[in-house]
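This report refers to the structure that appears directly beneath it.
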Protein chains: 2
Amino acid sequence: MMELTRKGDYAIRGIVYLAGQPLDKISLLSDIAAAVQVPQTFLAKIFQQFSKSGIVKSYRGTGGGFMLARPPEQITLLEVVEAVEGPITPNRCVIAAGECERDSICTVHPVWARVKQQTRSLLAEVSLKDLAGI
Amino acid sequence: MMELTRKGDYAIRGIVYLAGQPLDKISLLSDIAAAVQVPQTFLAKIFQQFSKSGIVKSYRGTGGGFMLARPPEQITLLEVVEAVEGPITPNRCVIAAGECERDSICTVHPVWARVKQQTRSLLAEVSLKDLAGI
DNA sequence: ATATAAAGGGACTATCACAGTCCTTTTAGG
DNA sequence: CCTAAAAGGACTGTGATAGTCCCTTTATAT
């Protein structure tokens with residue numbers, strides 16, 4: 001239970017690397033992939049998701065690459081994880097009330113809600129600045 | 001991320017049902033399965049794990065079945081979940097130091113350790129008595 | 001204009017964990 | 001010794017994960 005996927009792991013590695021680079025430097029995907037030891041084609045998919053979530057800005061063509069969309073202290077670990085893994089939901093029931101028919105009688109429900117809330121707020125307190133050790 | 005499997009869900013349903021029964025009553029697997037709407041053969045595997053973990057006591061043969069091994073207030077949700085899902089580990093690195101080679105440089109590591117610790121202690125505070133609403 | 005260097009995006013594949021099923025064996029009572 | 005239960009092993013279908021491959025789009029440099 002509660003395991004981060006390899007994709008999530010790679011995502012964090014990649015973005016933390018980016019956070020460690022000079023703010024206005026555009027990094028090549030190939031460089032990032034080599035530095036953090038992740039297959040480049042796979043990392044490409046991950047950075048596409050980052051781009052859509054507004055965590056990174058991408059530039060195409062010659063001289064293109066990736067940059068953080070905001071300074072590292074304004075990007076949280078929660079954002080990064082949820083960008084690639086989707087919302088954190090310890091139990092399907094937590095997604096939305098009524099998702100399971102046993103809802104009304106389910107005393108476990110509120111416990112998962114607390115786990116979710118607690119975890120999200122912990123991850124929200126950690127920024128890329130912290131992780132990059134700047 | 002962080003999703004409880006269906007097995008874990010079923011496990012909780014089954015054990016909470018048992019906690020709601022009279023303390024010394026031996027319940028049939030077939031009854032439990034029917035009550036909580038889980039395939040009996042699948043629930044059988046789950047209760048075998050419970051039995052090995054010492055959460056329930058099993059009796060074979062005619063008149064056999066299952067009973068909680070301890071009173072409901074002495075069995076925690078953490079025990080139940082870990083019995084069937086294994087240890088709660090948000091990230092492979094958290095399992096043991098040195099599991100990943102990037103260990104020493106990995107600033108994310110301590111964050112996962114906190115998530116793990118926090119979640120475990122929350123689940124440890126909830127007993128079957130609470131869940132069964134006794 | 002055209003060659004080139006990048007990211008974007010779609011389609012495809014292999015592997016593995018999850019979610020079960022089925023069948024045989026063991027244990028206990030009547 | 002027959003029957004009722006759990007124990008255990010072997011097997012299977014399905015879906016998510018973890019990629020790969022190839023083509024398209026966009027931008028720059030010559």
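Owing to the predicted nature of the structure, the values given are computational and were not obtained by experimental measurement. Protein chains get the first letters and strands the later ones, always in sequence-line order, with residue 1 at the start of each.
Note: CG (A:Leu43) to P (C:dG8) measures 11 Å, nearest angstrom. Rounding to whole angstrom units, CZ of residue A:Phe50 and P of C:dA7 are separated by 15 Å. Protein atom CZ of A:Phe66 is 9 Å distant from nucleotide atom C1' of C:dA6, rounded to whole Å. Rounded to an integer number of Å, the gap from B:Gln49 CD to D:dG8 P is 11 Å. Protein atom CE of A:Met67 is 15 Å distant from nucleotide atom C1' of C:dA7, rounded to whole Å.
Looking at B:Ser53, its side chain does come within 3.5 Å of a backbone N or O of B:Gln49 through a donor-acceptor pair.
Minimum heavy-atom separation, A:Lys116 to A:Pro90: CB-CD, 3.7 Å.
Nucleic acid contact for B:Lys52: sugar-phosphate only, since backbone atoms but no base atoms lie under 4.0 Å from a heavy atom of the residue. Counting any heavy atom pair closer than 4.0 Å across all strands shown, A:Tyr59 reaches sugar-phosphate atoms only and no base atom.
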Base versus backbone protein contacts along nucleotides 12-25 of chain D [heavy-atom cut-off under 4.0 Å; B, S, -]: ------SBB----B
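When the side-chain nitrogen and oxygen atoms of B:Ser51 are compared with OP1 and OP2 of D:dA7, one or more of them lie within a distance under 4.0 Å. Under 4.0 angstrom from either OP1 or OP2 of D:dA7 there lies at least one side-chain N or O belonging to B:Ser58.
If you find the closest nucleotide of DNA chain C to A:Ser30 and to B:Thr62, the one lying nearer the 5' end belongs to A:Ser30.
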Side-chain donor-acceptor distances from residues 58-73 of chain B under 3.5 Å, at least two apart:
| from | atom 1 | to | atom 2 | distance (Å) |
| --- | --- | --- | --- | --- |
| B:Arg70 | NH1 | B:Gln74 | O | 2.9 |
| B:Arg70 | NH1 | B:Glu79 | OE1 | 3.3 |
| B:Arg70 | NH1 | B:Glu79 | OE2 | 3.4 |
| B:Arg70 | NH2 | B:Glu79 | OE2 | 2.9 |

